[in-house]
K.L.:
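Here it is, the structure in full.
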Amino acid sequence: MSTLIRTNCPRDCYDGCGIVVERRDSAPHRVLGDPDHPVSRGKLCSKCAVAYNGVWQDPNARLLTPLRRVGPRGSDEFSPISWQEALDIVATRMQAAINAHGPASILHTHYSGTLSLISYLFPNRLFKYLGASEVDPDSICNAAGHVAWHLMFGNSLMGFDPRTIHATSCLLIWGANPSHAAPHAHEHWITEAQSVVVIDPLVTATAAAADLHLQLRPGTDAALAFSLLHCLQANGGFDQSYIDAHTSGSDEIAADIARATPTWGEARTGVPAADIERAAALYGAGPALLWCGQGLQRQATGGNIMRAAALLPTLTGNIGKPGAGFCYLNVTPIFAGVDLDWLGGAEIARDGGKRVSHMELAKRLADPDEFKVFFTWNTNPLASAPEQNRLRAALRRDDLFTVVSDVFMIDTARYADIVLPAASFLEYDDITFSYFHLHMGAQSKIDEPMGDALPNAEIFRRLAQAMELDEPALLESDESMLASMMAQMDVGFDFAELKRRGHFAISDEPASWWREQKFDTPSGKIEIASAAAESMGLPRTPQAWADNVVSDGRLRLLSPASKWRLNDSYANDPYIDTQSGAPLLHLNPTDAERLGVQEGSAVQVANASGALSLTAHLDNAVLSGVAIAYKGRWPGLSVDARNVNFVHEAHMADMGESTAVHSTLVTVSLAKHPA
Ligand SMILES: Nc1nc2c(c(=O)[nH]1)N[C@H]1C(S)=C(S)[C@@H](COP(=O)(O)OP(=O)(O)OC[C@H]3O[C@@H](n4cnc5c(=O)[nH]c(N)nc54)[C@H](O)[C@@H]3O)O[C@H]1N2
Ligand SMILES: Nc1nc2c(c(=O)[nH]1)N[C@H]1C(S)=C(S)[C@@H](COP(=O)(O)OP(=O)(O)OC[C@H]3O[C@@H](n4cnc5c(=O)[nH]c(N)nc54)[C@H](O)[C@@H]3O)O[C@H]1N2
Ligand SMILES: [Mo]
């Protein structure tokens with residue numbers, strides 16, 4: 001017997017695909033694309049198709065019971081225990097930490113293993129209610145961009161509606177690699193634009209398919225933005241009436257724009273002057289969309305870069321009309337009406353918890369006095385966070401009580417005192433969204449959780465009970481939260497009907513956001529010059545900066561999204577492991593020659609935080625001076641128990657205490673022994 005059930009993918013991905021599951025009684029369910037979903041159009045990307053039909057349904061790979069560590073930290077030695085025992089231990093240790101050191105001595109970290117709304121947000125209610133400390137989630141990903149666009153536009157969570165692509169003349173993709181990070185957008189959506197320009201140091205498949213690719217040196221984007229503006233202005237591409245009506249401070253950058261000729265731009269960015277002029281002509285030809293990914297702001301000056309890039313739509317008036325706009329992220333549930341603050345427990349929050357940047361996690365956790373309990377859920381810091389070696393050492397602290405909740409036995413869990421098994425998205429109801437296209441979806445329960453695993457929300461309800469907390473918000477049922485969200489969205493149907501439909505678009509016609517040109521900044525205008533920035537110790541205006549060329553032989557290591565993994569999810573799927581092959585360092589052949597490295601050579605990649613063994617792959621797609629090692633491998637599955645974050649030094653970007661991971665500098669040398 002088999003039945004078809006619609007659901008949606010809750011991964012941290014731009015695409016947010018529709019899924020159909022063929023539910024089978026005595027065989028693994030078949031997870032397929034939903035033919036009626038406008039984004040996935042009947043197909044899943046290769047990584048999700050493999051992992052959802054593979055490791056995610058493999059009882060030998062999944063965590064099936066709560067575990068208590070019985071061996072040394074980092075070992076494999078755990079014993080199964082009951083939920084009651086596990087939660088009683090966790091509750092007792094958390095209460096003891098609160099009594100002795102205050103609630104801020106509990107540090108929790110979480111991110112986006114699943115983005116389904118209840119699972120992603122509800123657990124925060126408990127930590128907020130206690131007044132616990134939190135690792136700032138976005139500081140590992142995109143906080144610099146958020147701060148930058150908040151300063152300029154008063155909002156970084158609302159961009160353009162992708163459906164407006166039919167009205168655009170040019171799509172400018174800046175520092176995103178949709179061919180990996182948004183494969184369906186790459187295949188179906190981008191192809192609908194009249195012209196496509198890509199700005200990326202790497203020849204990605206999206207860049208290769210574009211009308212024009214500006215292959216700039218990493219960290220030189222702000223200079224490129226000013227040079228593009230110089231050309232746009234020279235061609236009459238500035239919209240002076242828009243500038244006068246809706247922006248403030250343009251006069252303060254006029255001289256910088258005047259100076260940034262195409263030859264000036266070429267010298268700073270490595271992009272040929274003629275290509276800068278061509279890109280400006282394409283962007284200036286009509287309504288244009290600017291899509292800023294997250295790669296361009298993972299830089300030491302990433303916030304400044306995002307402010308500079310935002311000058312393009314601002315000075316050309318490409319805002320609030322069909323086919324025009326800018327996008328970093330669209331937090332679709334907000335526009336659908338969901339009250340995310342309520343769901344995450346803002347109303348019951350107690351003051352006093354600290355906020356810690358991921359860039360400081362390893363350092364702060366190593367201090368025996370600051371944190372006594374470390375609770376990790378929905379994220380795998382030993383794979384994804386910087387300073388891997390230092391973090392691992394901190395997790396060996398005997399006096400740190402560590403709890404990890406995940407679907408799998410991830411590296412971080414090996415350091416936990418208690419491991420709590422989480423159910424997968426096929427095993428409970430929830431609501432999903434995309435942070436790019438404007439659809440909300442139902443996550444439908446296909447089957448009972450595997451083993452004794454529980455959905456995130458149920459784990460935290462039971463923990464609140466074990467702590468004898470009677471605040472109703474901590475005990476609210478999924479049914480109640482689903483009903484409230486459906487009421488907030490006011491779509492005229494209930495969750496059962498959403499499950500039947502699968503998904504809905506938040507509007508029939510493309511949303512025309514920003515049409516009213518209202519900006520939630522102190523002046524109500526787009527703030528090119530910002531007193532708020534100045535008061536944060538930042539420059540008043542975006543600066544035409546470019547990182548210097550590295551001339552001491554070191555390479556700039558970029559570690560962007562891999563085609564085969566979703567962050568560090570799926571790395572444990574055997575088929576994906578085979579497809580990904582050995583961990584590679586992609587090098588430009590001229591750099592390889594200078595280093596005496598050949599295709600397949602074992603190389604050592606090193607800097608102050610440590611050294612990593614990789615296999616060299618000579619690749620003309622990589623700019624000279626740059627090296628690529630894709631993110632997301634599990635350290636525990638590699639020979640030297642390390643992944644690329646072993647050489648990630650945790651430098652902060654200029655805004656948001658955010659990651660500057662693509663600013664990492666490394667020396668590369670031939671390894672003494674084969675990899
Ligand atoms: N070098 C380098 N490092 C990076 C980046 C980079 O570009 N370069 N990118 C950074 C970025 S952008 C991000 S967002 C982070 C992401 O880093 P992580 O948050 O660590 O990665 P994910 O793979 O999204 O999710 C982590 C875990 O969530 C688990 N999970 C899935 N569903 C559930 C669930 O329902 N409940 C629970 N409890 N767990 C679940 C998965 O099994 C997985 O182990 O990595 C960052 N790290
Ligand atoms: N397959 C897959 N999809 C994913 C993820 C994944 O791990 N795998 N992760 C998800 C998550 S959490 C996120 S945040 C997004 C991230 O996805 P993206 O927004 O695409 O960000 P990145 O992968 O960091 O990098 C994108 C591009 O930025 C380029 N880049 C690096 N430095 C610079 C620079 O200085 N300037 C410019 N202009 N470009 C630069 C890189 O070469 C890369 O091609 O993808 C999501 N989707
Ligand atoms: Mo991310």
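As the structure lists them, so they are numbered: ligands from 1, and atoms in each ligand from 1.
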K.L.:
Between Phe408 and ligand 1, which part of the residue brings a heavy atom under 4.0 Å of the ligand: side chain, backbone, both or neither?
P.N.:
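Side chain only.
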K.L.:
Looking only at distances, can you tell me whether any N or O atom of Trp377, backbone or side chain, sits closer than 3.5 Å to an N or O atom of ligand 1?
P.N.:
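No; every N/O pair is 3.5 Å or more apart.
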K.L.:
How far is atom 35 (O) of ligand 1 from its nearest protein heavy atom, and which residue and atom is that?
P.N.:
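For this ligand atom, the closest protein heavy atom is Thr114 CG2, 3.3 Å.
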K.L.:
Are any of the N or O atoms of Leu566 closer than 3.5 Å to those of ligand 1?
P.N.:
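Yes, at least one N or O pair falls under 3.5 Å.
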K.L.:
Just say parallel, tilted or perpendicular for the rings of Phe127 and Phe375, cut-offs at 30° and 60°.
P.N.:
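Phe127 vs Phe375 ring planes: perpendicular.
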K.L.:
Under a 4.0 Å heavy-atom limit, does Asn177 contact ligand 2 with its side chain, its backbone, both, or neither?
P.N.:
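The answer is both.
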K.L.:
List the closest protein heavy-atom neighbour of atom 32 (N) of ligand 2: residue, atom name, distance to the nearest 0.1 Å.
P.N.:
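Answer for atom 32 (N) of ligand 2: Gln299 NE2, 3.0 Å.
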K.L.:
What is the nearest protein non-hydrogen atom to atom 23 (O) of ligand 1, stated with its residue, atom name and distance?
P.N.:
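For this ligand atom, the closest protein heavy atom is Ser569 OG, 2.8 Å.
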K.L.:
Any ion pair linking Arg390 and Glu649 (charged N to carboxylate O, less than 4.0 Å)?
P.N.:
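So Glu649 does not pair with Arg390 through a salt bridge.
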K.L.:
For Ser112, which of Asn378, Asp12, Asp138 qualifies under side-chain hydrogen bond (donor to acceptor under 3.5 Å, both in side chains)?
P.N.:
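The passing option is Asp12.
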K.L.:
Out of curiosity, is Arg298 lining ligand 1, as in a heavy atom under 4.0 Å away?
P.N.:
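It does; at least one heavy atom falls under 4.0 Å.
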K.L.:
Identify, by atom number and element, the atoms of ligand 2 in contact range of Lys47, meaning under 4.0 Å from any of its heavy atoms.
P.N.:
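Per the distance check, 1 (N), 2 (C).
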K.L.:
Apply side chain to side chain donor-acceptor pair (under 3.5 Å) to residues Gln294 and Asn142 and explain how you reach the verdict.
P.N.:
CA-CA 6 Å; Gln294 308 184 42; Asn142 54 21; 3.2 Å; yes
K.L.:
For the residue pair Tyr630 and His586, establish whether any side-chain heavy-atom pair is separated by less than 4.5 Å.
P.N.:
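When only atoms from C-beta onward are counted, His586 and Tyr630 do touch, with a gap below 4.5 Å.
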K.L.:
Are Arg11 and Tyr52 in a cation-pi contact, defined as NZ or CZ under 6.0 Å from the six-membered ring centre and within 45° of the axis?
P.N.:
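Not satisfied by the 6.0 Å and 45° rule.
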K.L.:
Just heavy atoms, cut-off under 4.0 Å: does Cys45 contact ligand 2 by side chain, backbone, both, or neither?
P.N.:
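Near ligand 2, Cys45 shows nothing, with every heavy atom at 4.0 Å or more.
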K.L.:
Where's the contact between Ala561 and ligand 2, heavy-atom distance under 4.0 Å: side chain, backbone, both or neither?
P.N.:
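Contact part for Ala561 vs ligand 2: both backbone and side chain.
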K.L.:
Against ligand 1, does Ser405 come closer than 4.0 Å with any heavy atom?
P.N.:
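For ligand 1, residue contact (heavy atoms, under 4.0 Å) with Ser405 is present.
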K.L.:
List ligand 2 atoms under 4.0 Å from Leu202, heavy atoms only on the residue side.
P.N.:
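Checking each atom against Leu202, I get 42 (O).
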K.L.:
So, for His439 and Phe433, is the gap between ring centers shorter than 6.0 Å?
P.N.:
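Centroid separation for His439 and Phe433: 6.0 Å or greater.
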K.L.:
Which residue holds the protein heavy atom closest to atom 19 (O) of ligand 1, what is that atom called, and what is the gap in Å?
P.N.:
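Nearest neighbour among protein heavy atoms for atom 19 (O) of ligand 1, to 0.1 Å: Thr379 OG1, 2.9 Å.
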K.L.:
Taking NZ, NE, NH1 and NH2 as the nitrogens, is one of them in Arg556 or Asp547 under 4.0 Å from a carboxylate oxygen of the other?
P.N.:
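Here Arg556 pairs with Asp547 in a salt bridge, since their nearest N and O are under 4.0 Å apart.
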K.L.:
Could you walk me through whether His146 and Gln297 pass the side chain to side chain donor-acceptor pair (under 3.5 Å) check?
P.N.:
CA-CA 10 Å; His146 283 306; Gln297 54 87 59; over 6 Å; no
K.L.:
Working to the nearest 0.5 angstrom, can you tell me the gap between Ile199 CD1 and His213 NE2?
P.N.:
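It is 9.0 Å, given to the nearest 0.5 Å.
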K.L.:
Is any side-chain heavy atom of Leu463 closer than 4.5 Å to one of Val90?
P.N.:
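Of all side-chain heavy-atom pairs linking Leu463 with Val90, at least one is under 4.5 Å.
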K.L.:
Nearest protein heavy-atom contact for atom 40 (C) of ligand 1: which residue, which atom, what distance?
P.N.:
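The protein heavy atom lying closest is Asn378 OD1, 3.3 Å.
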K.L.:
Nearest protein heavy-atom contact for atom 45 (O) of ligand 1: which residue, which atom, what distance?
P.N.:
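Looking at atom 45 (O) of ligand 1, the protein heavy atom closest to it is Ser384 CB, 3.3 Å.
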K.L.:
Give a yes/no verdict on whether any heavy atom in Ala423 is under 4.0 Å from an atom of ligand 1.
P.N.:
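Yes, Ala423 has a heavy atom closer than 4.0 Å to ligand 1.
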K.L.:
Evaluating non-hydrogen atoms only, which member of Asp12, Val644, Asp406 is closest to atom 44 (O) of ligand 1?
P.N.:
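Going through Asp12, Val644, Asp406 one by one, Asp406 has the nearest heavy atom to atom 44 (O) of ligand 1.
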K.L.:
Determine whether any heavy atom of Arg11 lies closer than 4.0 Å to an atom of ligand 1.
P.N.:
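Yes, Arg11 has heavy atoms under 4.0 Å from ligand 1.
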K.L.:
Got Cys45 and His184 here, is their nearest side-chain heavy-atom distance under 4.5 Å?
P.N.:
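Yes, their side chains come closer than 4.5 Å.
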K.L.:
Of the backbone atoms (N, CA, C, O) and the side-chain heavy atoms from C-beta on, which set of Tyr111 has a member under 4.0 Å from an atom of ligand 2: side chain, backbone, both, or neither?
P.N.:
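Neither; no heavy atom under 4.0 Å.
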K.L.:
What part of Asn567, side chain, backbone, both or neither, has a heavy atom within less than 4.0 angstrom of ligand 2?
P.N.:
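Both of them.
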K.L.:
Record the part of Tyr14 in heavy-atom contact with ligand 2 below 4.0 Å; permitted values are side chain, backbone, both and neither.
P.N.:
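Under 4.0 Å from ligand 2, Tyr14 contributes side-chain atoms alone.
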K.L.:
Answer yes or no: is there a side-chain heavy-atom contact under 4.5 Å between Asn456 and Thr114?
P.N.:
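In short, these two side chains touch, coming nearer than 4.5 Å.
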K.L.:
Does the structure place the NZ or CZ of Arg461 under 6.0 Å from the centre of the six-membered ring of Phe122, at an angle of no more than 45° from the ring's axis?
P.N.:
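So Arg461 does make the cation-pi contact.
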K.L.:
Looking only at heavy atoms of Tyr428, does any of them come nearer than 4.0 Å to an atom of ligand 1?
P.N.:
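Under 4.0 Å: yes for Tyr428.
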K.L.:
Give the residue, atom name and distance (to 0.1 Å) of the protein heavy atom nearest atom 10 (C) of ligand 1.
P.N.:
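Going atom by atom, the protein heavy atom closest to atom 10 (C) of ligand 1 ends up being Ile140 O, 3.4 Å.
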K.L.:
Under 3.5 Å between some N or O of ligand 1 and some N or O of Trp56?
P.N.:
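No, no N or O pair falls under 3.5 Å.
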